[in-house]
Number of protein chains: 2
Amino acid sequence: MHFEELIKTIKERRDTLKVTQDTLAQLSGVGLRTLKQFESGKGNPTLQTLQKLADVLGLQVSLKLKSTPAKR
Amino acid sequence: MHFEELIKTIKERRDTLKVTQDTLAQLSGVGLRTLKQFESGKGNPTLQTLQKLADVLGLQVSLKLKSTPAKR
DNA sequence: CAATAAAGAGCACAATAATGCACTTTGAAG
DNA sequence: CTTCAAAGTGCATTATTGTGCTCTTTATTG
């Protein structure tokens, strides 16, 4: 999952839950500006920020093995 | 997956591939200091940094639905 | 068209992540 | 105990994220 997909996932999930950026910002404790920047593709959030958002949305940040190996 | 698990995953994967912090730092383009801090649990990397590391390790950052819903 | 709600952006600043360098600690092997 | 490699840490600096405030842009609804 690259950047854009992560953003898309967050956005879609937020839409599904019918939550506005403003509300999500408040619930997660992340600044509204920060969330806006992230969702509009202009951010590079810290892991902590991403997790705060994911948590509230019922999502989980995870690391999984890629099907296509990268090394060698 | 919370912070510690992510760190553990990175570390274990790096060990599995028999790569040192130094080498991973070079391959990923992430500063050695940054990687050290992250692995020792003292960092809060940006998503970009995490992805650089994950990429080289053949791992993928992803967002998945939590089994236990968070919102109501 | 007017009004309202939600999302996106410019500006500026504080907080902190990223980084390099040098030094210490740890662990494995002789 | 000594040596060597890998990992961890203190310090200082630079680059960038996080944030609030204000304003603009987009729908959406009468």
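Proteins get letters first, then strands, A, B, ... in listed order; numbering begins at 1 in each.
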May I ask you to evaluate whether [X] reaches the phosphate of [N], defined as a side-chain N or O under 4.0 Å from OP1 or OP2?
X: B:Thr49; N: C:dA18; result: yes
X: A:Ser40; N: C:dA9; result: yes
X: B:Gln21; N: D:dG8; result: yes
X: A:Thr46; N: D:dG18; result: yes
X: A:Lys42; N: C:dA9; result: yes
X: B:Thr34; N: C:dT19; result: yes

query = Where the side chain of B:Lys11 is concerned, which of D:dA7, C:dA17, D:dG8 is the nearest nucleotide?
reply =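 Given the options D:dA7, C:dA17, D:dG8, the side chain of B:Lys11 is closest to D:dG8.
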message = Side chain of B:Thr20, heavy atoms from C-beta onward: which of C:dA17, D:dA6, C:dA7 has the nearest atom to it?
response =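 Looking only at heavy atoms from C-beta outward on B:Thr20, the closest nucleotide is D:dA6.
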request  = Could you check A:Leu35 against B:Glu39 and say which one's nearest nucleotide on DNA chain D is further toward the 5' end?
outcome  =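 Its nearest nucleotide lies further toward 5', so the answer is B:Glu39.
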Report the distance from atom [atom1] of [X] to atom [atom2] of [N], rounded to the nearest whole Å.
X: B:Gln26; N: C:dT19; atom1: CD; atom2: C1'; value: 14 Å
X: B:Asp22; N: D:dA5; atom1: CG; atom2: P; value: 12 Å
X: B:Leu32; N: D:dT9; atom1: CG; atom2: P; value: 13 Å
X: B:Asn44; N: D:dT16; atom1: CG; atom2: C1'; value: 13 Å
X: A:Lys36; N: D:dT26; atom1: NZ; atom2: P; value: 14 Å
X: A:Phe38; N: D:dT17; atom1: CZ; atom2: C1'; value: 13 Å

ask   = Is the side chain of B:Glu5 donor-acceptor paired with the backbone N or O of B:His2 at a distance under 3.5 Å, no angle test?
value =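 Checking the backbone N and O of B:His2 against the side chain of B:Glu5, a donor-acceptor pair under 3.5 Å is found.
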request  = Please examine the side chains of A:Glu39 and A:Leu53, heavy atoms only from C-beta on, and report whether any two atoms are closer than 4.5 Å.
outcome  = no
key: Close side-chain approach of A:Val61 to B:Leu63, heavy-atom, < 4.5 Å   = yes
task = List the atom of B:Gln48, the atom of A:Phe3, and the distance in Å for their closest heavy-atom pair.
result = N-CE1, 4.2 Å
request  = Determine whether any donor atom in the side chain of B:Arg33 lies under 3.5 Å from an acceptor atom in the base of D:dG8, or the reverse, and answer yes or no.
outcome  = no
message = Applying the side chain to side chain contact (heavy atoms under 4.5 Å, CB included) criterion to B:Leu24, which one of B:Arg13, B:Arg14, B:Lys52 satisfies it?
response = B:Arg14
